[in-house]
Protein chains: 2
Amino acid sequence: MQPSPRHPKKPVRPSALQAESLQQTRREHASEIAEDYVEAIADLALAQGEARVVDLARRLGVTHVTVNRTLARLQRDGYVTARPYRAIFLTAQGHALADTCQRRHATVVSFLRSLGIAEKAAEIDAEGIEHHVSTETLAAFERHLRRATRR
Amino acid sequence: MQPSPRHPKKPVRPSALQAESLQQTRREHASEIAEDYVEAIADLALAQGEARVVDLARRLGVTHVTVNRTLARLQRDGYVTARPYRAIFLTAQGHALADTCQRRHATVVSFLRSLGIAEKAAEIDAEGIEHHVSTETLAAFERHLRRATRR
DNA sequence: GGCAAAATGTAGCACATGCTACATATTGTA
DNA sequence: TACAATATGTAGCATGTGCTACATTTTGCC
Ligand SMILES: [Mn+2]
Ligand SMILES: [Mn+2]
Ligand SMILES: [Mn+2]
Ligand SMILES: [Mn+2]
């Protein structure tokens, strides 16, 4: 122990709440890659009928090796089906997640745009922010958009 | 190659932009832990005069082992000074980062609160969102706050 | 001063997520 | 149909970030 704290123990933020917040953030990070992948797969399936490893690599900004290993995880976790040298398809679970994520992504981008943020910055920031937006916050974003639109 | 795409190649989002966004998000994740640590160290230094490993562990919701290894990285990267069995202190570089992060954290929380989000949810979401807020978006949040306050 | 409790340090494991280099399969086309 | 280009797969490396179990040091207190 150290001698004398200059101030009585009065943490600016309660440790318990910050610990809880950070743990939540870590959980969100763990599911984040799955979310971005299923979103990209759904996009590609819509745009060109199917998603190939090489498309995903280009889209996600990683090598095909990384895509491959991640797809194995997604398959293990029930989000996609994939056979060697074939296209990748979403399971029902994957589709459900993709829908949720696409909708949430669009909402976050629109919300940022409504604050006057430029298209490109809105896209870039949304890609990170989207994974940390709770149901309550998403609802607040939608509420704000409805208000901004009505005017 | 696969036979015939049902639609002409018209990706919903351009691959290049999404790749760039995701790469930016990954870069932000790489600096995120450093940001949360220096913020916590600054908080603790203010509240009780110094930051100890055990305080950080409680605060960050991880074991003291994780704190230890992370502190080695922060030391390597010039954010903190630490000697065995002693308290941890921020370098000038660490202080600068902590100030920026504390200010940004406070802005994000206030912004979410101004949208009607409850205290706890605002804290939790802000802990993740803060690391993905660009200068432009932070400015927009501040602008919005000034407007909301003035009324 | 000495001892028990607390704090700190370290060894070693697991998993995620990126990479390069190289091997194999598929496909478009000459 | 063969072959070159493209796509896909795999081995092996690095780093980050979490953990448990155990060793060592420091500290509060009798
Ligand atoms: Mn994203
Ligand atoms: Mn994040
Ligand atoms: Mn944070
Ligand atoms: Mn923070």
Side-chain angles (χ1 to χ4, degrees), chain A residues 1-5 9 15 19-20 22-37 40-41 44 48 50-77 79-89 128 131, chain B residues 1-5 15 19-20 22-37 40-41 44 48-77 79-89 128 131:
Chain A
M1 282 288 138
Q2 207 64 6
S4 61
K9 270 199 180 182
S15 279
E20 190 189 333
L22 288 165
Q23 281 164 343
Q24 177 63 27
T25 299
R26 287 195 291 271
R27 273 190 298 273
E28 286 157 357
H29 284 160
S31 41
E32 169 161 349
I33 288 196
E35 296 181 348
D36 288 331
Y37 269 67
I41 292 167
L44 287 165
Q48 30 179 83
E50 60 174 27
R52 309 291 313 209
V53 171
V54 82
D55 301 320
L56 285 170
R58 189 168 22 245
R59 187 101 172 181
L60 301 166
V62 295
T63 65
H64 79 277
V65 183
T66 299
V67 170
N68 244 326
R69 195 150 19 102
T70 304
L71 285 175
R73 265 203 308 283
L74 294 184
Q75 205 169 3
R76 180 198 68 188
D77 296 343
Y79 294 112
V80 306
T81 58
R83 284 171 312 155
Y85 296 100
R86 291 294 124 102
I88 296 107
F89 297 100
H131 308 282
Chain B
M1 283 289 138
Q2 207 64 6
S4 62
S15 279
E20 190 188 333
L22 288 164
Q23 281 164 344
Q24 177 62 27
T25 300
R26 287 194 291 270
R27 273 191 298 274
E28 286 157 357
H29 284 160
S31 41
E32 169 161 349
I33 288 196
E35 296 181 348
D36 287 331
Y37 269 68
I41 293 167
L44 287 164
Q48 32 179 86
E50 60 174 25
R52 308 292 312 211
V53 171
V54 82
D55 301 320
L56 285 171
R58 186 166 26 243
R59 188 100 173 180
L60 301 166
V62 295
T63 65
H64 80 276
V65 183
T66 298
V67 170
N68 244 325
R69 195 148 20 101
T70 303
L71 284 175
R73 264 203 308 284
L74 294 184
Q75 206 169 3
R76 181 198 68 188
D77 296 342
Y79 293 112
V80 307
T81 58
R83 282 171 313 154
Y85 296 99
R86 292 293 124 101
I88 296 107
F89 297 100
H131 308 282

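The figures that follow rest on heavy atoms only: side chains count, while hydrogens, waters and symmetry mates do not. So you know, we letter chains A, B, ... as the sequences are listed, proteins then strands, and number each from 1.
Atoms CG and CD1, from B/Leu74 and B/Ile41 in turn, are 6.0 Å apart once rounded to the nearest 0.5 Å. Note: A/His64 NE2 to A/Leu71 CG = 11.5 Å, rounded to the nearest 0.5 Å.
Residue A/Thr66 places no side-chain N or O under 4.0 Å from the OP1 or OP2 atom of C/dG18. For the pair B/Thr63 and D/dC19, the criterion of a side-chain N or O lying under 4.0 Å from OP1 or OP2 is met.
Considering only residues two or more places apart in sequence or on other chains, A/Ser31 meets the side chain to side chain contact (heavy atoms under 4.5 Å, CB included) condition with A/Glu35. Residues passing the side chain to side chain contact (heavy atoms under 4.5 Å, CB included) test with B/Ala82 are B/Gln75, B/Ile88, sequence neighbours excluded.
Note: CZ (B/Arg27) to P (C/dC19) measures 13 Å, nearest angstrom. Residue B/Ile33 contributes atom CD1, which lies 13 Å from atom P of C/dT17 at whole-angstrom precision. B/His29 has its NE2 atom 17 Å from the P atom of C/dA16, to the nearest Å. Taking atom CG on B/Leu56 and atom P on C/dT8, their separation rounds to 9 Å, with Å as the unit. Put simply, CG on B/Asp36 is 11 Å from P on D/dT17, counting in whole angstrom units. In this structure, the CZ atom of A/Arg26 is 21 Å from the P atom of C/dA14, given to the nearest Å. For B/Tyr37 and D/dG18, the OH to P distance is 6 Å, given to the nearest whole Å. The nearest whole Å value for the distance from the CG atom in B/Leu60 to the P atom in D/dT17 is 12 Å.
A side-chain donor from one of B/Glu28 and B/Gln24 sits under 3.5 Å from a side-chain acceptor of the other.
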Output a table of nitrogen or oxygen pairs between the protein and nucleotides 8-11 of chain D separated by less than 3.5 Å.
from, atom 1, to, atom 2, distance (Å)
D/dT8, OP1, A/Arg52, NE, 2.8
D/dT8, OP1, A/Arg52, NH2, 3.2
D/dT8, OP2, A/Val54, N, 2.7
D/dT8, O3', A/Tyr85, N, 3.2
D/dG9, OP1, A/Tyr85, N, 3.0
D/dG9, OP2, A/Asn68, OD1, 2.7
D/dG9, OP2, A/Asn68, ND2, 3.2
D/dG9, N7, A/His64, NE2, 2.9
D/dG9, O6, A/His64, NE2, 3.0

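Between A/Asp55 and A/Arg52 no salt bridge is recorded (no basic side-chain N to carboxylate O distance below 4.0 Å).
Annotation: A/His29 is not in aromatic contact with A/His131 [ring centroid separation under 6.0 Å not met].
Judged by atom type and distance alone, A/Arg69 reaches the base of C/dG18 through a side-chain donor-acceptor pair under 3.5 Å.
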